[in-house]
Amino acid sequence: MMRAVLPILFLPALLAAAMFLVAAAGADAPADTVHVNDNQDVSSGSVALGLVEGTTSTSSSTLQHQTRRRRAQSGSLTVSKTVTTPAGSCPGSPSMNFSTGGPHEVKFCYLVTNTGDYPLRQVRLWDTDLKFIEAYYDVPVGDTAPSSGVYHTYQTYVAETVTGNAEAWGYPEIPGLAEEDIIQPTNKVDAVPVSAPVNLPVQRHNLAIWARNDTDDPHFAYWDDDGKVFNPAAGGISMSGMGDPVGDWRIIQGAQSPNGDETIVVGVALNSGGSTGRVMGRVLTEENAPFVVWEDMVVPTSSGSTNVLATVTQTYWWSFDVKYESQSGRAMVVWSNWSSGNQGISYSVGTGANSWTERQDITLPESGVVRQIRLASSPTKDEMILVASNDDDEDFAVVWNGTAWGDQRTLWDSGTGDTQTDVNVEYESLSGEAVVVYGANSDDLKFTTWTGSGWGGLGGIINNLGVSGNVKWTVMASDPSSDRLLCGVLTTASEVWTISWTGSSWSNSELHTSNAPGTTFPAVDVAYESQSGKGLVAYGVSGQSTITYSTLYPSGGILSTATGPSLDTVPNSVRLSADPASDQIMLLAQNTNSLLLYSLWSGSTVSSSWSNPIRKLGANTNEVKNQPFLFLWDASPLSTSSEPSRVPSSTPSSGPSSEPSSR
């Protein structure tokens with residue numbers, strides 16, 4: 001389960017400084033014990049140089065430290081936790097109970113007080129059950145009296161009883177010492193629990209990741225499913241370990257583990273010179289510690305290890321992907337290694353806790369530099385299908401059986417002119433069989449099926465729509481309650497059309513527009529409402545600043561077509577993400593001003609289906625195509641939990657073979 005990232009500053013270990021951690025008011029506890037590096041017990045008080053580890057259960061305890069320059073000073077924090085109604089004032093009551101089922105909205109009140117002898121910087125509050133971190137402002141020397149306290153609040157919806165612990169800690173800022181002389185604090189005071197039984201909700205950990213032009217670090221934010229809004233950006237996904245500076249991420253792929261305790265994002269960014277790019281991954285893991293951070297994805301190789309999966313000469317292809325096995329929960333990351341032989345795709349399997357198997361190469365049925373990759377995971381077993389297209393305009397598929405890659409299938413190898421972004425694959429939700437689609441330099445969609453044990457024949461779909469353009473982009477979605485699939489197509493002539501798979505055949509092809517805003521970006525996406533089984537198609541139209549959308553019957557025929565939310569200017573890249581727990585669908589769309597905007601589809605049975613007005617998520621992605629953004633709904637099983645949403649509302653009291661000139 002994900003928590004917001006708050007960076008910690010690790011400085012040279014020259015002097016020892018204490019970090020003090022206490023919990024809400026509690027019971028009597030034993031006397032202080034302090035341990036130095038060699039684990040020798042010493043009395044509480046002045047502590048000599050060296051990293052210090054220690055615990056106490058006394059909420060008002062004082063741990064002291066000294067440096068070679070200063071006399072010993074004491075630092076201490078206290079924190080109290082109470083609960084009240086949303087309109088109530090702080091402090092609240094020690095507990096709150098409801099006689100009826102929830103969810104109920106409540107407000108938690110925290111009073112953090114610095115009772116030590118020196119100011120603290122980056123004082124932070126952590127609640128072990130609400131699972132959130134609140135970062136206070138730095139407290140420079142002399143700026144605030146050490147005994148001052150301030151209330152912080154956290155509002156959430158609750159539906160089940162729980163007891164929580166509140167903890168706080170801070171970094172000493174000692175007069176007379178430069179900031180760089182303060183090393184990472186290591187002392188802490190153990191938590192004393194405070195009981196605040198209230199109702200807690202089913203937890204949802206939904207998040208968006210996107211590029212911003214003012215920083216090389218991709219940003220992310222959590223979606224508040226109660227308030228229907230993104231909370232302020234939780235922070236950046238640091239690229240500081242990449243060596244040579246990297247530019248903005250141009251394309252982002254990602255996945256969340258089946259139990260929701262890990263999120264992986266993989267992206268491609270330009271190197272500082274702009275002529276090449278790097279593919280790299282970041283992993284967000286659940287830890288039993290206050291800080292959860294995005295870590296480098298470091299893959300072992302035969303010659304060491306690396307956090308750069310590939311160096312590429314073109315950064316506008318979806319040349320990588322990531323999915324999880326549905327049964328084991330292991331992650332699979334695949335990427336083009338940009339070699340021209342028949343082992344042009346590499347992979348690594350995640351074994352948990354951001355650990356990875358040694359990089360291996362996949363033997364492919366065709367040779368050439370792989371540019372486009374799509375990966376799908378079976379919902380019924382630990383199987384995956386990878387489809388790809390290379391610079392020789394050849395399309396092919398390979399199957400992962402849970403142990404190794406095999407069952408190769410060449411889809412198209414008959415000449416040039418293929419668009420490479422035309423390949424895609426999706427599994428049927430119930431049968432576990434799969435359908436692969438591709439264009440093959442034709443206005444008709446081509447396809448084949450995977451039965452779980454072998455490939456079907458190569459077939460063509462006669463669209464009967466009178467389109468003039470060849471298949472250039474394909475997008476696919478599966479209905480979670482049936483074996484139906486929905487495929488969307490953008491052609492070289494800017495036409496958008498869809499067709500439905502019944503579980504055994506294709507039917508109900510529909511032309512939506514002949515005037516898409518462009519063909520160098522995915523201007524269409526499709527999704528199914530998870531409960532109703534109705535389809536949704538969203539796409540841009542040239543010259544229009546709105547999203548146009550069609551709702552489809554479960555069988556695929558058009559139910560209605562209408563104008564959706566405005567994006568200020570014409571949209572380019574469009575992405576839909578269906579909520580597995582409801583009929584909600586998240587729309588992220590980028591416009592010609594490089595703004596990233598979002599709107600929530602509430603379901604076709606709701607009279608006002610799109611949240612309006614559409615809202616801005618990113619001010620400038622530095623892109624007018626590609627996909628520098630991603631939204632992930634919580635993938636964990638839907639069950640009532642003893643933890644609430646970890647998203648606080650917390651307050652103090654794609655492209656062609658030659659890239660267009662627009663990047």
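Here, residue 1 is the first one in the sequence, and each next residue gets the next number.
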Expected output: side-chain [X] to main-chain [Y] donor-acceptor under 3.5 Å:
{"X": "Ser599", "Y": "Leu587", "answer": "no"}
{"X": "Ser257", "Y": "Glu262", "answer": "yes"}
{"X": "Thr474", "Y": "Val489", "answer": "no"}
{"X": "Asn572", "Y": "Val624", "answer": "yes"}
{"X": "Ser609", "Y": "Gly603", "answer": "yes"}
{"X": "Ser389", "Y": "Gln372", "answer": "no"}
{"X": "Ser577", "Y": "Leu632", "answer": "no"}
{"X": "Ser542", "Y": "Pro517", "answer": "no"}
{"X": "Asp583", "Y": "Gln531", "answer": "yes"}
{"X": "Asp407", "Y": "Val399", "answer": "no"}

What I'd like to find out is whether the side chain of [X] reaches to under 4.5 Å of the side chain of [Y], using heavy atoms alone.
{"X": "Val471", "Y": "Ser442", "answer": "no"}
{"X": "Ile252", "Y": "Val266", "answer": "no"}
{"X": "Phe629", "Y": "Glu623", "answer": "no"}
{"X": "Phe521", "Y": "Val574", "answer": "no"}
{"X": "Ser414", "Y": "Trp412", "answer": "yes"}
{"X": "Phe447", "Y": "Ile499", "answer": "no"}
{"X": "Ile345", "Y": "Val334", "answer": "yes"}
{"X": "Ser550", "Y": "His512", "answer": "yes"}

- [ ] Report the C-alpha separation of Thr491 and Asn470 in whole Å, then their side-chain angles, then the decisive distance to 0.1 Å, and conclude whether the side chain to side chain contact (heavy atoms under 4.5 Å, CB included) test is met.
- [x] CA-CA 5 Å; Thr491 75; Asn470 290 345; over 6 Å; no

For [range], which residue pairs pass the salt bridge (Lys or Arg N to Asp or Glu O under 4.0 Å) check, not counting sequence neighbours?
{"range": "residues 349-366", "answer": "Arg359-Asp361"}
{"range": "residues 552-562", "answer": "none"}
{"range": "residues 323-334", "answer": "Asp321-Lys323, Glu325-Arg330"}

Over all atoms of both residues, closest heavy-atom pair of [X] and [Y]:
{"X": "Leu445", "Y": "Cys487", "result": "CD2-SG, 3.7 Å"}
{"X": "Lys625", "Y": "Gln590", "result": "O-NE2, 3.0 Å"}
{"X": "Leu536", "Y": "Leu576", "result": "O-CD1, 3.9 Å"}
{"X": "Asp392", "Y": "Ser367", "result": "OD2-O, 3.3 Å"}
{"X": "Leu490", "Y": "Gly518", "result": "CD2-O, 3.6 Å"}
{"X": "Ile209", "Y": "Pro218", "result": "CG2-CB, 4.2 Å"}

Return yes if a side-chain donor-acceptor contact under 3.5 Å exists between [X] and [Y], otherwise no.
{"X": "Trp601", "Y": "Glu529", "result": "yes"}
{"X": "Thr546", "Y": "Ser566", "result": "no"}
{"X": "Thr410", "Y": "Asp413", "result": "no"}
{"X": "Ser481", "Y": "Asp479", "result": "yes"}
{"X": "Asn515", "Y": "Ser494", "result": "no"}
{"X": "Asn354", "Y": "Glu295", "result": "yes"}

TODO: Assess whether side chain to side chain contact (heavy atoms under 4.5 Å, CB included) is satisfied between Val436 and Asn424, documenting all intermediate values.
DONE: CA-CA 6 Å; Val436 173; Asn424 222 314; over 6 Å; no

In Å, rounded to the nearest 0.5 Å, how long is the span from [atom1] of [X] to [atom2] of [Y]?
{"X": "Tyr539", "Y": "Thr548", "atom1": "OH", "atom2": "OG1", "answer": "5.0 Å"}
{"X": "Arg484", "Y": "Thr502", "atom1": "CZ", "atom2": "OG1", "answer": "9.5 Å"}
{"X": "His219", "Y": "Trp249", "atom1": "NE2", "atom2": "CH2", "answer": "13.0 Å"}
{"X": "Leu364", "Y": "Glu394", "atom1": "CG", "atom2": "CD", "answer": "10.5 Å"}
{"X": "Ile251", "Y": "Leu630", "atom1": "CD1", "atom2": "CG", "answer": "12.0 Å"}
{"X": "Leu596", "Y": "Gln627", "atom1": "CG", "atom2": "CD", "answer": "10.0 Å"}

TODO: Given side chain to side chain contact (heavy atoms under 4.5 Å, CB included), test Gln343 with Ile362 step by step and report yes or no.
DONE: CA-CA 5 Å; Gln343 292 188 321; Ile362 304 173; over 6 Å; no

With sequence neighbours left out, what residues match [X] under side-chain contact (heavy atoms from CB on, under 4.5 Å)?
{"X": "Glu426", "result": "Met476, Ser478, Leu485"}
{"X": "Ala208", "result": "Trp210, Phe230, Leu617, Phe631"}
{"X": "Ser514", "result": "Glu495, Leu511"}

Task: side-chain contact (heavy atoms from CB on, under 4.5 Å), paired with Val333, selected from Leu309, Val349, Leu375 - done: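 Passing option: Leu309.
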
TODO: Show your working on side-chain hydrogen bond (donor to acceptor under 3.5 Å, both in side chains) between Gln420 and Trp317 and close with a plain yes or no.
DONE: CA-CA 9 Å; Gln420 294 150 10; Trp317 299 105; 5.5 Å; no

Task: Ring-ring centroid check Trp223 Tyr598, cutoff 6.0 Å - done: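 Between Trp223 and Tyr598, the centre distance is under 6.0 Å.
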
TODO: Report yes if the distance between the aromatic ring centroids of Tyr347 and Trp400 is under 6.0 Å, otherwise no.
DONE: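 Centroid separation for Tyr347 and Trp400: below 6.0 Å.
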
TODO: Dump the intermediate steps for side-chain hydrogen bond (donor to acceptor under 3.5 Å, both in side chains) on Tyr427 and Glu383, then the final yes or no.
DONE: CA-CA 10 Å; Tyr427 274 92; Glu383 177 185 275; 2.8 Å; yes

TODO: Please assess Trp633 against Met586 for the test side chain to side chain contact (heavy atoms under 4.5 Å, CB included), listing each intermediate value before the final yes or no.
DONE: CA-CA 9 Å; Trp633 289 99; Met586 180 63 73; 4.1 Å; yes

